[in-house]
There are 2 protein chains.
Amino acid sequence: MSVKERKERERAERERLIVATARELAEQQGWDAVTTRRLAERIEYSQPVLYSHFRGKREIIGAVALEGAVELAAAVRAATAGADGPRERVAALARAYLDFAEHNPAVYDALFQLDGGLAYAQEDTPEPLKDAFAALLECLAEVAGDGVHPGMFTEVFWAALHGLATLTRTGRLLPEDAAPRVELLVARLAVV
Amino acid sequence: MSVKERKERERAERERLIVATARELAEQQGWDAVTTRRLAERIEYSQPVLYSHFRGKREIIGAVALEGAVELAAAVRAATAGADGPRERVAALARAYLDFAEHNPAVYDALFQLDGGLAYAQEDTPEPLKDAFAALLECLAEVAGDGVHPGMFTEVFWAALHGLATLTRTGRLLPEDAAPRVELLVARLAVV
DNA sequence: CCATGACCCTAGCACCGCTAGACAATCGAG
DNA sequence: CTCGATTGTCTAGCGGTGCTAGGGTCATGG
């Protein structure tokens with residue numbers, strides 16, 4: 001039996017290698033450069049091996065997205081934990097979110113821009129995605145304001161951050177004024 | 001000389017046909033379905049003809065985007081013109097923007113999601129793009145608030161709308177609560 | 001020792017964006 | 001009116017894509 005276990009371990013290890021390599025390649029050269037051939041070559045296996053782990057490229061993107069969701073949630077929680085007062089916490093959350101998007105563009109794309117075959121905002125939504133939203137909610141519920149549904153407030157705040165992140169990264173907004181934009185957003189949306 | 005003119009007219013007409021067909025196909029089946037082969041077949045010419053009008057697929061996307069920018073600007077101006085008071089104008093703007101994104105998803109993608117090879121937020125930005133931003137600015141400057149740069153306020157408001165539009169369309173936000181989200185956004189961001 | 005089964009690779013499909021080069025139609029000069 | 005030049009379009013093909021069928025190799029269990 002131990003042989004079988006070893007094989008399963010190796011197989012799991014190889015799956016991690018695929019996801020990590022896909023992510024690395026995407027961050028280095030963009031998702032367009034992540035082709036099944038290149039990916040297979042980097043992990044030193046042939047293409048069909050990829051398909052024994054994932055249904056297709058889409059599922060690989062999804063796997064990277066889930067990894068990213070865990071990290072995003074952690075980054076947001078770490079940032080908010082170290083801030084004093086609701087207002088400052090929200091500002092820290094916004095900065096952490098945008099920093100994550102800026103420094104992990106490929107992962108951010110996998111999460112919110114590309115189709116990774118994941119279900120969002122539903123019952124069967126993967127736990128990491130739910131938890132990332134929860135991380136935002138925990139902090140933002142404090143400043144939703146009276147009579148405003150915290151979940152909906154979080155959605156609106158999140159959408160605003162997402163807009164800033166994507167428009168900035170695709171050159172639609174100049175990165176120079178990023179800081180004052182965040183300030184303004186927090187000042188207006190958050191009710192102290 | 002009149003022969004030459006006729007040919008130029010026909011050529012311009014064919015270019016319009018290409019753009020219109022690309023747009024139609026994209027709205028029907030998504031941009032992934034807009035391949036040079038399919039597009040060529042629909043206009044009843046061979047592929048290389050496309051390349052005598054555009055450098056490549058990217059430029060065709062860009063042409064659709066410019067068409068969309070003109071329409072978006074018009075839609076926003078029409079909506080704001082028929083509303084009373086700054087606050088109501090902003091709400092009308094937001095609804096018009098999101099309606100446009102919802103009813104012209106492919107065009108919206110060409111504008112703000114895909115790479116159409118256009119310059120944004122720069123001197124050499126095409127006039128239709130500048131004008132679409134101006135259409136937002138005209139209305140939003142009224143409610144930017146004292147001491148807040150109208151351009152920056154417009155960027156933030158636009159980013160929020162963009163976030164709502166894209167997250168909703170890709171299934172990250174449920175469309176049910178779209179209306180109250182817009183209400184909340186307008187109520188918080190706009191200073192009456 | 002050998003049959004079995006798991007595993008992985010080679011080779012190939014249909015499609016993609018894009019382009020070289022052949023061919024036909026049109027034009028302008030003599 | 002004829003004939004070379006130019007313009008316009010097409011066929012065919014290149015190197016790439018995601019994905020898969022089928023064969024061969026190698027360790028495993030009887």
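Letters A, B, ... are given to chains in the order of the sequence lines, protein chains preceding strands, and every chain is numbered from 1.
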[X], [atom1]: over 12 other non-hydrogen atoms inside 6.0 angstrom:
X	atom1	result
B:R55	CZ	no
B:E88	CD	yes
B:D124	CG	yes

Q.
Can you list everything that forms a salt bridge (Lys or Arg N to Asp or Glu O under 4.0 Å) with B:E13? Sequence neighbours excluded, please.
A.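 Partners of B:E13 by the salt bridge (Lys or Arg N to Asp or Glu O under 4.0 Å) criterion, ordered by chain and then number, come out as B:R16.
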Return the value, rounded to whole Å, for the distance between atom [atom1] of [X] and atom [atom2] of [N].
X	N	atom1	atom2	answer
A:E44	C:dC7	CD	C1'	18 Å
A:L50	C:dC9	CG	C1'	13 Å
B:E41	C:dC15	CD	C1'	14 Å
B:H53	C:dG17	NE2	P	17 Å
A:E10	C:dC7	CD	P	11 Å
B:Q29	C:dC16	CD	P	11 Å

Q) Does B:Q29 have any side-chain hydrogen bond (donor to acceptor under 3.5 Å, both in side chains) partners at least two apart in sequence or in another chain, and if so, which? A)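 None.
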Pairs: protein N or O with nucleotides 15-19 of chain D N or O, under 3.5 Å:
| from | atom 1 | to | atom 2 | distance (Å) |
| --- | --- | --- | --- | --- |
| D:dT17 | OP1 | A:T35 | OG1 | 3.2 |
| D:dG18 | OP1 | A:V34 | O | 3.4 |
| D:dG18 | OP1 | A:K57 | NZ | 3.3 |
| D:dG18 | OP2 | A:T36 | N | 2.7 |
| D:dG18 | OP2 | A:T36 | OG1 | 3.0 |
| D:dG18 | N7 | A:R37 | NH1 | 3.0 |
| D:dG18 | O6 | A:R37 | NH2 | 3.2 |
| D:dC19 | OP2 | A:Y51 | OH | 2.9 |
| D:dC19 | OP2 | A:K57 | N | 2.8 |
| D:dC19 | O5' | A:Y51 | OH | 3.3 |
| D:dC19 | N4 | A:Q47 | OE1 | 3.1 |
| D:dC19 | N4 | A:Q47 | NE2 | 2.9 |

Q | Sequence-distant partners of A:Y108, ring pair (Phe, Tyr, Trp, His ring centres under 6.0 Å), two or more places apart | A |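 So A:Y108 forms a ring pair (Phe, Tyr, Trp, His ring centres under 6.0 Å) with A:Y97, A:F112, A:H162.
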**Q.** A:S52 side chain vs A:V49 backbone, donor-acceptor pair below 3.5 Å
**A.**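 Yes: the side chain of A:S52 pairs with the backbone of A:V49.
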Side-chain donor-acceptor contacts of residues 135-142 of chain A below 3.5 Å, not counting sequence neighbours, with atom names and distances?
| from | atom 1 | to | atom 2 | distance (Å) |
| --- | --- | --- | --- | --- |
| A:E138 | OE1 | A:R77 | NE | 3.1 |
| A:E138 | OE2 | A:R77 | NE | 3.4 |
| A:E138 | OE2 | A:R77 | NH2 | 2.8 |
| A:E142 | OE1 | A:R89 | NE | 3.0 |
| A:E142 | OE1 | A:R89 | NH2 | 3.4 |
| A:E142 | OE2 | A:R89 | NH2 | 3.0 |

Q. When you measure from every atom of DNA chain C, which of residues 17-28 of chain A have a heavy atom less than 4.0 Å away?
A.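 Going residue by residue through residues 17-28 of chain A, none turns out to have a heavy atom under 4.0 Å of DNA chain C.
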Q. Under 4.0 angstrom, heavy atoms only, what part of the nucleic acid is B:R14 near: base, sugar-phosphate, or nothing?
A.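 It contacts sugar-phosphate atoms only.
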